[in-house]
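Accompanying notes for the structure given below.
So that the names make sense, note that chain A is the first sequence line, chain B the second, and so on, each numbered from 1. Reckoned from all heavy atoms, side chains included, excluding hydrogens, waters and symmetry mates.
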Protein chains: 2
Amino acid sequence: MSPRPPDPAVRAALIETAARIVATEGRAALTLRRLAGEVGTSTMAVYTHFGSMEELRREVRREGFARLRARLAAVRDSKDPMADLTLLGAAYYLSATASPNLYRAMFLDGPVDDGDLGTGLDTFMYLVKAIGRCLEAGRFPEAGGTDPAELALEVWGMTHGFVSLQLANLLPADQAAEHLSSGVRSLFVAWGDDPAKTGASAARARRRLAELSPG
Amino acid sequence: MSPRPPDPAVRAALIETAARIVATEGRAALTLRRLAGEVGTSTMAVYTHFGSMEELRREVRREGFARLRARLAAVRDSKDPMADLTLLGAAYYLSATASPNLYRAMFLDGPVDDGDLGTGLDTFMYLVKAIGRCLEAGRFPEAGGTDPAELALEVWGMTHGFVSLQLANLLPADQAAEHLSSGVRSLFVAWGDDPAKTGASAARARRRLAELSPG
DNA sequence: GGACAATCCATAGCAACGTTATGGCATACT
DNA sequence: AGTATGCCATAACGTTGCTATGGATTGTCC
């Protein structure tokens with residue numbers, strides 16, 4: 001009754017190879033025939049495993065989110081939640097700029113569907129939790145009863161903005177990084193953080209940069 | 001000696017039709033044969049006028065920047081430079097979200113080249129000048145001797161960030177608009193603007209929304 | 001253990017894509 | 001008027017994603 005099962009190794013190889021091609025050469029470089037050729041299978045394998053090229057691209061995005069999540073998870077909670085927060089921002093920025101084409105595929109290439117939204121949202125939670133801990137520590141007196149998710153959205157919007165400008169060649173990397181950090185610092189100031197503490201946390205974050213996964 | 005000159009009407013029709021297709025149906029809807037068909041010419045006309053499909057897409061981006069510039073130019077200087085600034089931000093946001101596919105083509109679809117950078121930069125100048133007038137009016141005491149372009153970059157980065165998140169379906173329109181305005185307000189607070197004045201300027205800007213071009 | 005049935009994947013063909021070659025015909029200068 | 005120059009219409013080429021067909025392989029049942 002039961003027929004031949006699909007080979008999980010073929011499926012994994014397709015995703016991994018596709019992610020590599022997209023990450024190194026961009027979306028346009030990923031073609032059906034080339035993918036099948038590099039994996040050493042036939043074009044039909046893509047259709048039995050994913051149904052369409054678009055569905056495979058979605059799996060590539062999932063892979064991208066998984067890698068981003070791993071980077072963020074490498075940032076451990078410390079006694080200075082704002083240093084943790086700064087380090088999360090750095091991990092996000094470095095992930096995006098180290099694999100610009102993958103970031104483009106995840107966030108820029110087109111409207112994401114609901115499936116992506118779910119897998120992307122849990123990476124956002126790392127940011128929300130860090131900000132929540134900053135609030136508990138009393139670092140943002142001016143943002144008293146605010147939902148941490150609201151504040152996290154401000155930080156994410158600004159981060160995504162500068163990353164996008166850099167990836168679009170509208171800003172050189174050094175300017176993007178500098179204005180991003182000064183912009184986020186402005187948010188902290190507006191939320192009432194003590195400037196001396198802000199500086200101390202930033203210094204502590206800088207000392208912990210080695211925690212971040214390589215790349 | 002001199003041969004038949006290229007018809008400027010054909011060229012204009014190609015650009016206008018291409019911009020309409022991209023704006024209404026997105027980048028993927030613009031194909032060579034369809035464009036030639038709708039304009040009522042042959043596929044070769046595209047190559048005599050633009051040389052390649054990619055060069056025509058660049059003209060579409062130029063057209064998009066021209067439209068954005070017209071929107072920004074419709075905001076006249078008033079005695080309240082921060083109201084002007086807020087209105088410029090609204091004009092930018094409304095332009096982008098009213099023609100999301102055109103904004104995508106201009107800023108999101110791929111790395112822009114140097115030609116785009118030049119045409120895009122002069123729209124940025126509207127923002128720089130408004131912030132310069134805010135500085136002259138003493139609205140940002142904490143940002144004393146800072147270059148207006150630096151501050152404008154912060155505002156632009158945040159604006160572009162939330163616009164991009166909305167266009168990517170990562171944020172619903174109402175949340176994007178709300179967090180964008182509250183984020184920009186945070187920047188003003190961090191730069192030392194008097195909260196009462198900030199509110200008054202925002203109210204004045206709201207009353208002037210009709211100045212903006214329709215759409 | 002052998003027949004069966006289901007289905008994965010290899011081969012071949014389709015429409016549509018951007019681009020290039022070819023050629024007729026209109027146009028501006030001698 | 002004649003001519004040469006180059007715009008634009010027609011046709012073909014290679015590559016794209018996708019579908020139709022068919023052979024090979026594997027799990028199940030008697």
Side-chain angles (χ1 to χ4, degrees), chain A residues 1-63 101 104-105 109-111 113 115, chain B residues 1-22 24-62 101 104-105 109-111 113 115:
Chain A
M1 218 75 117
S2 254
R4 179 179 181 187
D7 188 346
V10 170
R11 179 189 164 92
L14 284 172
I15 294 179
E16 189 182 1
T17 303
R20 177 177 53 76
I21 293 176
V22 169
T24 57
E25 300 178 47
R27 171 191 175 91
L30 180 63
T31 70
L32 176 63
R33 284 168 178 77
R34 172 175 173 190
L35 175 62
E38 291 204 11
V39 170
T41 181
S42 164
T43 61
M44 277 305 296
V46 170
Y47 287 86
T48 60
H49 283 283
F50 304 102
S52 75
M53 210 56 186
E54 192 44 53
E55 203 64 25
L56 179 132
R57 288 184 191 277
R58 157 187 264 191
E59 292 300 321
V60 170
R61 289 195 293 270
R62 284 178 56 97
E63 172 70 19
N101 288 316
R104 253 191 282 270
D109 272 350
D113 45 43
Chain B
M1 216 75 121
S2 253
R4 180 179 181 185
D7 188 347
V10 170
R11 179 190 164 92
L14 284 171
I15 294 179
E16 190 180 13
T17 304
R20 177 177 53 76
I21 293 176
V22 169
T24 56
E25 301 177 48
R27 173 189 173 91
L30 180 63
T31 71
L32 175 64
R33 283 166 179 78
R34 173 174 172 188
L35 175 65
E38 293 205 12
V39 171
T41 182
S42 164
T43 60
M44 275 307 295
V46 170
Y47 286 86
T48 60
H49 283 283
F50 305 102
S52 77
M53 209 56 186
E54 192 43 55
E55 203 64 25
L56 179 133
R57 288 184 190 278
R58 155 186 268 196
E59 290 302 320
V60 169
R61 290 195 293 271
R62 283 178 57 97
N101 287 316
R104 252 192 282 271
D109 272 349
D113 44 44

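Rounded to whole Å, the distance from CZ on A/Phe50 to P on C/dC8 is 13 Å. With rounding to whole Å, B/Leu35 atom CG is found 15 Å from C/dT19 atom C1'. One atom, CG of A/Leu14, and another, P of C/dC8, lie 13 Å apart when rounded to the nearest Å. Here C/dA21 presents its P atom at 10 Å from CE of B/Met44, a figure rounded to the nearest Å. In this structure, B/Glu55 atom CD and C/dG18 atom P are separated by 16 Å, rounded to whole Å.
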Under 3.5 Å, which donor-acceptor pairs link side chains of residues 26-38 of chain B to any protein atom two or more places apart or in another chain?
residue	atom	partner	partner atom	Å
B/Thr31	OG1	B/Arg34	N	3.4
B/Arg34	NE	B/Glu38	OE2	2.8
B/Arg34	NH1	B/Glu25	OE1	3.1
B/Arg34	NH2	B/Glu25	OE2	2.7
B/Arg34	NH2	B/Glu38	OE2	3.2
B/Glu38	OE1	B/Arg20	NH2	2.7

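Residues B/Val22 and B/Arg61 are not in side-chain contact: their nearest non-hydrogen atoms beyond the backbone lie 4.5 Å or more apart.
Applying the 6.0 Å contact sphere to CZ of A/Arg58 captures more than 12 heavy atoms from other residues, nucleotides or ligands.
Taken from NE2 in A/His49 to CD in A/Glu55, the straight-line distance is 14.0 Å, to the nearest 0.5 Å. Once rounded to the nearest 0.5 Å, the distance linking CG of B/Asp109 with CZ of B/Arg57 reads 8.0 Å. Note that CZ of A/Arg11 is 5.0 Å distant from CD of A/Glu59, once rounded to the nearest 0.5 Å.
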Between the protein and nucleotides 13-17 of chain D, list the N/O to N/O atom pairs that are separated by less than 3.5 angstrom.
residue	atom	partner	partner atom	Å
D/dG17	OP1	A/Leu32	N	3.1
D/dG17	OP2	A/Leu32	N	2.7
D/dG17	N7	A/Arg33	NH1	2.8
D/dG17	O6	A/Arg33	NH2	2.9

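Judged by closest nucleotide on DNA chain C, A/Thr48 is the one of A/Thr48 and B/Ser52 placed further toward the 5' end.
For A/Thr41, the side-chain atoms get nearest to C/dC9 when compared with the rest of C/dC9, C/dT20, D/dT19.
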